[in-house]
Amino acid sequence: MRIHVINPNSSVDLTDAVAEAARSVVSPGTTITAVNPSKGPTVIEGSYDEVLATYHLVEEVRRAEREDRPDAYVIACFGDPGLDAVRELTDRPVVGIAEAAIQMTSFVAASFSIVSILPRVRKHLHELVHRAGATDRLASLKLPDLGVLAFHEDEAAAFETLRRVAGEAVREDGAESIVLGCAGMAGFARQLSEELGVPVIDAVEAACRVAESLVALGYRTSKANTYQAPTEKQYL
């Protein structure tokens, strides 16, 4: 089985970190390939960045479909950019890391908080939670003004911020689980879970395990209606 993990931004360092997190949790015999576009924003920190990155993400999927189709795709950005568009391009399972992490909380806790990045993404996070049907379980959103690359620039300081706000979510907001709402936070869930005493879900790890399960069960993206291939037309 091969899972193709696509980091939609153009940061190679972030792609390497995501790949390491993915490989640490998949089953023996599952291969992770991880790529990022060579063009586009180096990080995705708002709607404008997401729109620009989605075009290049789609091109990466089209290339993979032509050249060497994987068994499943994981979109490794917590905004889940281009998720529906990619599902139109392939019958392989396509998993967004936000949808996977949010859905996974329902199996282990009655409530959850998302610890993410900049305050400006609050609206988008609410939309992701609503799409997952989890609004009534959301305890809080914690947005401590961390950039996507904060863990690569000063890991110790960024982790201390992450620890502090996740602790507030548990103690003050009633969160019974925590979702790490940025691919740049990959690799820190276990330590936080041990310290906080609640499940802390790494979105990249969750998505890769969901993708594995879908492939193992033989499920593919439905082409009955919504995710049919794009209609034939001229693109200028």
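Given the structure is predicted, the values throughout are model-derived calculations rather than measurements.
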In chain order, what residues pass the side-chain hydrogen bond (donor to acceptor under 3.5 Å, both in side chains) check against [X], with sequence neighbours excluded?
X: Asp80; result: none
X: Thr231; result: Lys233
X: Asp68; result: Arg2
X: Glu59; result: Arg62

Hey, is CD on Glu172 packed in by over 12 heavy atoms from elsewhere, all under 6.0 Å?
->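 Buried by this count: over 12 neighbours within 6.0 Å.
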Going by the side-chain hydrogen bond (donor to acceptor under 3.5 Å, both in side chains) test, which pairs reach into [range], not counting sequence neighbours?
range: residues 40-58; value: Glu50-His124
range: residues 131-144; value: Asp84-Arg131, Thr105-Arg137, Ser113-Ser140, Ser140-Asp173, Lys142-Asp173
range: residues 90-100; value: Glu65-Thr90, Arg69-Asp91, Arg87-Glu99, Asp91-Arg220

Side chains of [X] and [Y], heavy atoms from C-beta outward: is any pair under 4.5 Å?
X: Ile3; Y: Thr33; value: no
X: Ile178; Y: Val170; value: yes
X: Leu143; Y: Arg122; value: yes
X: Asn36; Y: Pro8; value: no
X: Val121; Y: Leu141; value: no

With the 4.5 Å side-chain cut-off for hydrophobic clustering, are Ile44 and Leu14 part of the same group?
->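 No, Ile44 does not connect to Leu14 through the hydrophobic network.
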Say whether Tyr227 and Val95 are linked into one hydrophobic cluster, either directly or through other cluster members, by side-chain heavy-atom distances under 4.5 angstrom.
->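 No, Tyr227 and Val95 fall in different hydrophobic clusters.
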If I take atom [atom1] from residue [X] and atom [atom2] from residue [Y], how far apart are they, to the nearest 0.5 angstrom?
X: Gln103; Y: Ile201; atom1: CD; atom2: CD1; answer: 10.5 Å
X: Ile117; Y: Leu149; atom1: CD1; atom2: CG; answer: 10.0 Å
X: Ser10; Y: Lys39; atom1: OG; atom2: NZ; answer: 11.5 Å
X: Leu180; Y: Ser193; atom1: CG; atom2: OG; answer: 10.0 Å
X: Glu160; Y: Glu155; atom1: CD; atom2: CD; answer: 12.5 Å
X: Cys77; Y: Asn9; atom1: SG; atom2: CG; answer: 7.0 Å

Please assess Met185 against Asp202 for the test side-chain contact (heavy atoms from CB on, under 4.5 Å), listing each intermediate value before the final yes or no.
-> CA-CA 8 Å; Met185 298 174 181; Asp202 182 312; over 6 Å; no
Could you identify which residues cluster with Val94, counting Ile, Leu, Val, Met, Phe, Trp and Tyr as linked when any side-chain heavy atoms lie under 4.5 Å apart, either directly or through a chain of such contacts?
->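 Val94 clusters with Ile6, Val35, Leu57, Val58, Val61, Tyr73, Ile75, Leu83, Val86, Leu89.
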Short side-chain to backbone donor-acceptor contact, [X] and [Y], under 3.5 Å:
X: Lys123; Y: Glu127; result: no
X: Ser27; Y: Thr30; result: no
X: Ser177; Y: Pro199; result: no

Which pairs count as ring pair (Phe, Tyr, Trp, His ring centres under 6.0 Å) when at least one residue sits in residues 11-39, sequence neighbours excluded?
->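 Sorted result for residues 11-39: empty, none.
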Pairs meeting criterion ring pair (Phe, Tyr, Trp, His ring centres under 6.0 Å) with involvement of residues 171-210, two or more places apart |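 Output for this query lists Phe151-Phe188, Phe159-Phe188.
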Let me see the working for Leu146 and Leu118 under side-chain contact (heavy atoms from CB on, under 4.5 Å), right down to the final yes or no.
-> CA-CA 6 Å; Leu146 286 173; Leu118 306 174; 5.9 Å; no
Closest heavy-atom contact between Ile102 and Ala132?
->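 Distance-wise, the nearest heavy atoms are CG2-CB, 3.6 Å.
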Can you list the residues that meet the salt bridge (Lys or Arg N to Asp or Glu O under 4.0 Å) rule with Glu212, with sequence neighbours excluded?
->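 Arg209.
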Tell me, please, which residues at least two apart from Arg164 pass salt bridge (Lys or Arg N to Asp or Glu O under 4.0 Å).
->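 Checked Arg164 against salt bridge (Lys or Arg N to Asp or Glu O under 4.0 Å); matches are Glu168.
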